[in-house]
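To start, the structure under review is shown below, and the notes come after it.
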Amino acid sequence: MKKNKKYSLYLLCGALALCTSCEDFLDRQEDEAMTFEKIWTQRSTTYQYFLNAMSFLPDDANDFNYSPWMAASDEGTVTYNRDFRWINFGSWNASSVPYYQMGNYYNGIRECNIFMQNVDRCNDPLITAEEKAEWKIQSRWARAYYYFMMMRVYGPVFLLGDELLDFTQTTQQLERPRNTWEECVDYVVSEMEECAKEMTPTWASESKRGLATQGACYAVISRLKLYSARPLFNGNTLYKDVKNPDGTNLFPVSFEAKKWKEAADAAKRVIDMGVYSLYRDAENPDDPYKNWDGLVHNSDKYWNEELIWTTGYAGLYTMGVHTAPTGISGTAYGGVGPTQQQVDAYAMNDGRYPITGYQKDGTPIIDEESGYTEEGKSMFLNPFFKNNGSWTNYAPAASGYTWPNMYKDREPRFYMTVFWSDSYWQHGTETGNFTLVSFAKGGNSNKSHDYPKSGYIMHRFYNHQLNSTTGTWGNIVFPTFRLGEIYLNFIEAALECSKNGVSNAYLTEAMTLWEDLRDRVGLPAITDVYPGATTEELIELCRKERRVELAFENHRYFDTRTWMIAEETDNGPMYGMNVDAPILNNDNKMTPENFWQRTVFETRVFKNNHYLYPFSQRELDRNKKLTQNYGW
């Protein structure tokens, strides 16, 4: 995340309001001294303090490639020289912590506490009791969310509750130990439960979009309960000796199968609310391309029925400009792309996954029944652009193009996410708004450091209907929490319940929801594709489904870590195409044959202490009761 950049949650007229920090707000102005007491005498300044308390929430759309969640996971590569490289190359430690946010979130927690403890002092006739109650409960929700954001990175942290730390005390007086993982989970869950009691099931009006709702409370609980049931936080013996100074174990030392039932219950509660549904195009509900593309690009329904909570309505410039190839005219810094491992993860158009694993040299192990091959080329249309309007008016693309067979007959989510070299990039609906792109060395989209190191660009969040070459990028509501995730949370938990002998009461419903999720993107039910699959096999298939359904939505980083598979997935060679293969005959749009080969673009380092962030040395020096995470 970009340091010191803060955004408010409360959306007016559907737009995020950028707010100043508390320190700035309380600074002495030229015309008057804004004392703490005076803040609470006016509605306007009280509301400003509310916005400040909420300003520590992330901005997923604009933090898109500035946070480590994509660039430091095996789904993506970001070419820019940012701090995620410390994580990828194992060069971080307690003195060099990339994207350090602990202090930021504790500042947010403090501001929320200050606001909640003082908002009722405001007696300005312009403020209503309803407003004060709403702002207070939203602050309480944000406070719990700040803890959740820290827990997914650090594990257990220390809880303040309603306490305001007295900074007149000595450093020693302010020292405190971490709470246990279970105490942190219980606190966040209980806070979300209390918030839900005072919130509406969904937004009461369009002007309230972006505020937390009952659904937002329950969605946070669902994700947290899922993480808590997974191996990282459920009997992880790696952390058995991570204890507080008094000997208290900070992490659960034994596996509890019942946590999977709790995770299933939490996801089912969101589903049973009945206020959310999978997004489908209103006019073409059976068109997988319109269904998937419209989830984030439907200008008439940015706030669609699948969204539970988001970090806000935002301009698409940041996401678009970093995923538009430099070979098109206008502004473009296209250096964000999927790895070859992510490209391999997508199913074929019959729903079968073609790559089942890799040999030691990186050669893919191919499921012969899938029909997938990496041999040769053939002429075929890119189905996404074929279905994306006016494409058929452009003759070279409309008649098909010759590409490697590895891209042929894949599922719709593949074509709507992965863009490969020697393809036409659509930038608008006017005839001629198509540019042939090459990622080969010296090609029109590989002439500087701004190119995708894997030879692929992730174009899911670029709006091809708009002409970015003239500065038109569009807008987006980033799907921070959506029903598709909740379905997958429920499916995974139900399968794990069955595996661990807890309960299989949810299994039938889970499989029905899985069928619905795949049907939305034109794929058959998983049990039709893999008849007779065991529970273990279905769990692995569910992980594959999650990887492609939620790709580039900030899930994969946390999934590989909470599943404790990152030592396998995030360690070692990352593959792509051979971007060092030079263009042919000085034609900057033509990609040579030796480009089309699996090539290591980066070798990453992941050790078993990397599953959680280290606490910074500065925090350890100030708080002698703070126990460092394992291995740091």
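Not measured: the values here are computed from a predicted model. Each residue takes its place number in the sequence, starting with 1.
- A cation-pi arrangement is not found for K453 relative to F601, the charged atom failing to lie both closer than 6.0 Å to the ring centre and inside a 45° cone about the ring normal.
- Looking at R110 and N113, their side chains never bring a donor and an acceptor atom within 3.5 Å of each other.
- Note that CD of E549 is 10.0 Å distant from CZ of R546, once rounded to the nearest 0.5 Å.
- Interatomic distance, R482 CZ to E306 CD, rounded to the nearest 0.5 Å: 5.0 Å.
- A salt bridge is defined here as a Lys NZ or Arg NE, NH1 or NH2 lying under 4.0 Å from an Asp or Glu carboxylate O, and E553 with R223 fails to meet this definition.
- At least one donor-acceptor pair closer than 3.5 Å links the side chain of D246 to the backbone N or O of T248.
- A donor-acceptor pair under 3.5 Å links the side-chain atoms of R82 to the main chain of N65, judged by distance alone.
- When only modelled atom types and interatomic distance are considered, R618 and N623 share no side-chain donor-acceptor pair under 3.5 Å.
- Annotation: side chain of P614 is not in contact with side chain of N629 (no heavy-atom distance under 4.5 Å).
- Atoms NZ and CD, from K259 and E182 in turn, are 3.5 Å apart once rounded to the nearest 0.5 Å.
- Each of W69, F148, F233 was compared with F558 under the ring-ring contact (aromatic ring centres under 6.0 Å, His included) criterion, and only W69 meets it.
- In this structure, N500 and F255 have side chains that are in contact, with non-hydrogen atoms separated by less than 4.5 Å.
- With respect to the salt-bridge test (charged N to carboxylate O, under 4.0 angstrom), the residues E545 and R547 do not qualify.
- With hydrogens and angles left out, the side-chain atoms of T562 and R230 include a donor and acceptor closer than 3.5 Å.
- Side-chain contact of N52 with Q48: a donor-acceptor pair under 3.5 Å is absent, judged by distance alone.
- Side-chain contact check for Y145 versus L57: some heavy-atom pair is nearer than 4.5 Å.
- By the 30° and 60° cut-offs, the orientation of the rings of F615 relative to Y154 is parallel.
- If you run ring-ring contact (aromatic ring centres under 6.0 Å, His included) between F478 and each of W309, F461, F64, only F461 comes through.
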| task | Show your reasoning for whether salt bridge (charged side-chain N to carboxylate O under 4.0 Å, His left out) applies to K132 and E134. | result | CA-CA 5 Å; K132 289 192 285 188; E134 180 177 78; over 6 Å; no
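- In this structure, Y47 and W135 have tilted ring planes: the angle between them lies in the 30° to 60° band.
- In this structure a side-chain-to-backbone donor-acceptor pair under 3.5 Å is missing from E191 to R140.
- Between the side chains of Y611 and E567, at least one donor-acceptor pair of N or O atoms lies under 3.5 Å.
- A cation-pi arrangement is present between R269 and Y218 under the rule of less than 6.0 angstrom and at most 45 degrees off the ring axis.
- Judged by distance alone, the side chains of E619 and Y100 do bring a donor and an acceptor atom under 3.5 Å apart.
- E509 is listed as a side-chain neighbour of K268, based on a closest heavy-atom distance under 4.5 Å.
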| request: Check the pair E198, K136 against salt bridge (charged side-chain N to carboxylate O under 4.0 Å, His left out), reporting the backbone distance first and the verdict last. | output: CA-CA 10 Å; E198 298 185 41; K136 183 186 289 187; over 6 Å; no
| Is there a side-chain hydrogen bond (donor to acceptor under 3.5 Å, both in side chains) between S228 and W181 once you walk through the steps? | CA-CA 9 Å; S228 192; W181 173 257; 3.0 Å; yes
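- Note that OH of Y630 is 9.0 Å distant from NZ of K240, once rounded to the nearest 0.5 Å.
- Between the side chain of T45 and the main chain of I39, a donor-acceptor pair closer than 3.5 Å is present.
- Under the 3.5 Å distance criterion, with hydrogens and angles disregarded, no donor-acceptor pair is assigned to the side chains of E568 and W563.
- Using a 4.5 Å heavy-atom threshold, the side chains of F158 and C184 count as separate.
- Residues passing the ring-ring contact (aromatic ring centres under 6.0 Å, His included) test with W86: none are found, sequence neighbours excluded.
- Side-chain atoms of R556 never come within 3.5 Å of backbone atoms of L550 as a donor-acceptor pair (strictly under, hydrogens ignored).
- Ion pairing between a basic and an acidic side chain is recognised when a charged N comes within 4.0 Å of a carboxylate O; E256 and K261 show no such pairing.
- Inspection of the D59 and N62 side chains reveals an N or O donor paired with an N or O acceptor under 3.5 Å.
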| request: Show your working on ring-ring contact (aromatic ring centres under 6.0 Å, His included) between H610 and W92 and close with a plain yes or no. | output: CA-CA 9 Å; H610 294 168; W92 52 323; 5.3 Å; yes
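- The main-chain N or O of L238 is never found under 3.5 Å from a side-chain atom of N608 such that the two would form a donor-acceptor pair.
- Between the T627 side chain and the K243 main chain, a donor and an acceptor come within less than 3.5 Å of each other.
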| said: For a side-chain hydrogen bond (donor to acceptor under 3.5 Å, both in side chains) check, start with the C-alpha distance between D74 and T339, then their side-chain angles and the critical distance, and finish with the verdict. | reply: CA-CA 7 Å; D74 66 335; T339 62; over 6 Å; no
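- Using a 4.5 Å heavy-atom threshold, the side chains of M273 and Y276 count as touching.
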| field | Residue pair Y487, W514: steps toward the ring-ring contact (aromatic ring centres under 6.0 Å, His included) verdict | value | CA-CA 7 Å; Y487 275 14; W514 196 351; over 10 Å; no
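- Side chains of D344 and Q341: a donor-acceptor N/O pair is absent below 3.5 angstrom, by distance only.
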| task | Just do the side-chain contact (heavy atoms from CB on, under 4.5 Å) check on L612 and F251 with the steps written out, would you? | result | CA-CA 12 Å; L612 290 174; F251 294 85; 3.7 Å; yes
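- For the pair R143 and D162, the salt-bridge criterion is met [side-chain N within less than 4.0 Å of a carboxylate O].
- A salt bridge links E262 with K225: the closest approach of a Lys/Arg side-chain nitrogen to an acidic carboxylate oxygen falls below 4.0 angstrom.
- Note on ring orientation: taking the six-membered ring where Trp is involved, the planes of W40 and F36 are perpendicular (angle over 60°, cut-offs 30° and 60°).
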| Derivation and outcome, salt bridge (charged side-chain N to carboxylate O under 4.0 Å, His left out), residues E492 and R543 | CA-CA 8 Å; E492 179 183 345; R543 291 184 178 189; 5.2 Å; no
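- Side-chain contact check for R176 versus L626: every heavy-atom pair is 4.5 Å or farther apart.
- At least one donor-acceptor pair under 3.5 Å links the side chain of Y613 to the backbone N or O of P98.
- Not counting sequence neighbours, the partners of F490 by the ring-ring contact (aromatic ring centres under 6.0 Å, His included) test are Y506.
- The closest donor-acceptor contact from the side chain of E183 to the backbone of T180 lies under 3.5 Å.
- Taking the six-membered ring where the residue is Trp, the centroids of Y187 and Y147 are separated by under 6.0 Å.
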